Amino acid sequence: MRIVVTGGAGFIGSHFVRQAIKGNYSAFADAELVVLDKLTYAGNKQNLAEVADSSRLRFVEGDICDGRLVGETLRGADAVVHFAAESHVDRSIAGADEFVRTNVLGTQTLLNAATEHGVGKFVHVSTDEVYGSLESDDAPWTEEEALKPNSPYSASKASSDLLALAAHRTHGLPVCVTRGSNTYGHHQYPEKIIPLFVTNLLDGLKIPLYGDGENVRDWLHVDDHCQGIALVAADGKPGEVYNVGGGIELTNRQVTGRLLTLLNMDESMVRYVADRKGHDRRYAMDISKISGQLGYQPTVTWEKGLAETIDWYTAHRDWWEPLKG
Ligand code: NAD
């Protein structure tokens, strides 16, 4: 079996690849993995160093918008797990063009090639942000929720979700869409809130908290997120969407407070900054579909996951220092 993993040098994609190569997903224990990654600012071959010597891993450096390369890479593939994307909301607010190019055009380029070469499964990795924003007393989103994305990032992801589902309806491509919630863990680029705050604090720098800090996110450890994606890749029903949440709803202030406690620091390290434009208030996911149908359950507790993440950044200054510089 051959699986093409786009964006496999990024945060979540590299975790999926490392786990799959180590045999931690039974359905793919013998699979060959072909990583297709452009190595943008967010991609890092070092993320795959642990498994780089495996005869089951091949790395192709290239752009998912390059139709010829994508066609060559997908020829003979049994499955595609599509992580590659521009992924940072703040960058999309500063300039959205690259988000449309990679997230929309890149996804369509992959869908074209997957259809042409009869790929047996296409997992499109998406985000809870496509649903928009909840108020504090709203019920968590199910997969039936209408898409109401607010940022250029989430709008580009929602567009690609619809194109992926259209490829299923129109061409019969066996597509599944996963919508993961806010993911944290080791190897996350230090622009996202948890690694940004941890690395700032390790350097004795203040941490910038947006607005009133009361925005709520549904936190999900990268290991659980990838378990969910692996279950969908193995047994997800074509044409279906699966929410993958962590069930840990916390305000940014609560996340900040926990980080300060674990690093023996106090509120004086927080610098309140003007709110992000169009900042979504709350995300929360109903995961009963993937739990009931595929047996998914998040297993990494917030306490353990966060402590281990801090330990990893403490021990891997060589990984993040050049990126922050
Ligand atoms: P990331 O930014 O860490 O990694 C993205 C990877 O894609 C990088 O390796 C980059 O080099 C590659 N890439 C970017 N543009 C490319 C292109 N044109 N061609 C080929 N490769 C390209 O992202 P991440 O946080 O690992 O997110 C992976 C996926 O999961 C994304 O689709 C994202 O939307 C989704 N997601 C992320 C989160 C989260 O909290 N990080 C939550 C839910 C869903």
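Ligands are counted one by one from 1 in listed order, and the atoms in each one are counted from 1 as well. As a basis for the values below, the full set of heavy atoms in this structure was taken, side chains included, without hydrogen atoms, waters or symmetry mates. Residue numbers start at 1 and run along the sequence shown. Computed from a prediction, not measured in an experiment: that's the story for all the values here.
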Which of the atoms in ligand 1, numbered in the order shown and given with their element, are less than 4.0 Å from a heavy-atom of Ser87? 1 (P), 2 (O), 23 (O)
Val34 versus Glu32, closest heavy-atom pair with distance: CG2-OE2, 3.9 Å
Any idea how Trp319 and Tyr313 line up, ring-wise: parallel (<30°), tilted (30 to 60°), or perpendicular (>60°)? perpendicular
Looking at ligand 1, does any of its N/O atoms fall within less than 3.5 Å of an N/O of Thr127? no
Reported CD-to-NZ distance for the pair Glu86 and Lys38, which is rounded to 0.5 angstrom: 7.5 Å
Residues Glu249, Arg217: salt bridge by 4.0 Å N-O rule: no
At under 4.0 Å between heavy atoms, which part of Asp128 makes contact with ligand 1: side chain, backbone, both or neither? neither
Classify the angle between the aromatic ring planes of Tyr184 and Trp302 as parallel (below 30°), tilted (30 to 60°) or perpendicular (above 60°). perpendicular
May I ask you to say whether Asp235 pairs ionically with Lys121, meaning some side-chain N is under 4.0 Å from a carboxylate O? no
With a heavy-atom distance limit of 4.0 Å, tell me whether Cys65 approaches ligand 1 through its side chain, its backbone, both, or neither. neither
Taking only heavy atoms of Ser126, which atoms of ligand 1 are found under 4.0 Å from at least one of them? 43 (C), 44 (C)
Considering the heavy atoms of Asp63, write down every atom of ligand 1 situated less than 4.0 Å from one of them. 17 (C), 18 (N), 19 (N)
Between His88 and ligand 1, which part of the residue brings a heavy atom under 4.0 Å of the ligand: side chain, backbone, both or neither? neither
Between Arg68 and Asp63, is a salt bridge (charged side-chain N to carboxylate O under 4.0 Å, His left out) present by the stated rule, with each step listed? CA-CA 10 Å; Arg68 191 189 53 78; Asp63 191 334; over 6 Å; no
Any Tyr184 heavy atom less than 4.0 Å to ligand 1: no
Considering only heavy atoms, does Lys157 approach ligand 1 within less than 4.0 Å through its side chain, its backbone, both, or neither? side chain
Taking the six-membered ring for Trp, are His82 and Phe122 parallel (under 30°), tilted (30 to 60°) or perpendicular (over 60°)? perpendicular
At a 4.0 Å cut-off, with the gap strictly under it, does some heavy atom of Ala9 reach an atom of ligand 1? yes
Under-4.0 Å salt bridge between Asp223 and Arg18: no
Atom 21 (N) of ligand 1: closest protein heavy atom, distance to 0.1 Å, is Lys38 N, 3.0 Å
How are the rings of Tyr25 and Phe28 set to each other: parallel, tilted or perpendicular (split at 30° and 60°)? perpendicular
Could you tell me whether some N/O pair between Thr183 and ligand 1 is separated by less than 3.5 angstrom? yes
Looking only at distances, please establish whether an N/O atom of ligand 1 is found under 3.5 Å from an N/O atom of Thr102. yes
Contacting atoms of ligand 1, where contact means under 4.0 angstrom from a heavy atom of Ala42: 2 (O), 8 (C)
for atom 5 (C) of ligand 1, nearest protein heavy atom and its distance come out as Ala85 O, 3.5 Å
Find all atoms of ligand 1 within a distance of less than 4.0 Å from any non-hydrogen atom belonging to Ala84, and give their numbers and elements. 7 (O), 21 (N), 22 (C)
Give the single entry among Ser154, Gly180, Gly185 that approaches atom 43 (C) of ligand 1 most closely by any heavy atom. Gly180
Students should be able to answer this: which protein heavy-atom is nearest to atom 19 (N) of ligand 1, and at what distance? Ile64 N, 3.0 Å
Can you tell whether the side chains of Glu61 and Lys45 come within less than 4.0 Å, N to carboxylate O? no
Arg2/Asp78 ion pair, N-O < 4.0 Å: no
Near Asp30 CG, under 6.0 Å, is it more than 12 heavy atoms from other residues, nucleotides or ligands? no
Closer than 4.0 Å to some heavy atom of Ser181 - which atoms of ligand 1 meet that? 42 (C), 43 (C)
Closer than 4.0 Å to some heavy atom of Val125 - which atoms of ligand 1 meet that? 30 (O), 32 (O)
Check whether any heavy atom of Asp37 sits under 4.0 Å from an atom of ligand 1. yes
Arg281/Asp212 salt bridge by N-O under 4.0 Å criterion: yes
Counting only heavy atoms, which portion of Ser14 has something under 4.0 Å from ligand 1: side chain, backbone, both, or neither? neither
Look at ligand 1 and say whether Glu129 reaches it with a heavy atom at a distance under 4.0 Å. no
Salt bridge Glu98-Arg91, side-chain N to carboxylate O under 4.0 Å: no
re atom 4 (O) of ligand 1, the protein heavy-atom contact at minimum distance is Gly10 CA, 3.4 Å
Looking only at heavy atoms, is any part of Tyr153 under 4.0 Å from ligand 1, and if so is it the side chain, the backbone, or both, or is it neither? side chain
For atom 25 (O) of ligand 1, grab the closest protein heavy atom and report residue, atom and distance to one decimal in Å. Phe11 CD2, 3.7 Å
Give the residue and atom name of whichever protein heavy atom lies nearest to atom 41 (N) of ligand 1, and the separation in Å to one decimal. Ile12 CD1, 3.7 Å
Could you list which atoms of ligand 1 come closer than 4.0 Å to a heavy atom of Leu39? 11 (O)
the protein heavy atom lying closest to atom 10 (C) of ligand 1 turns out to be Thr40 OG1, 3.3 Å
Lys22 bridged to Glu50 by N-O distance under 4.0 Å: yes
With a 4.0 Å cut-off on heavy atoms, is Phe83 touching ligand 1? yes
Can you classify the ring geometry of His15 versus His221 as parallel (below 30°), tilted (30 to 60°) or perpendicular (above 60°)? perpendicular
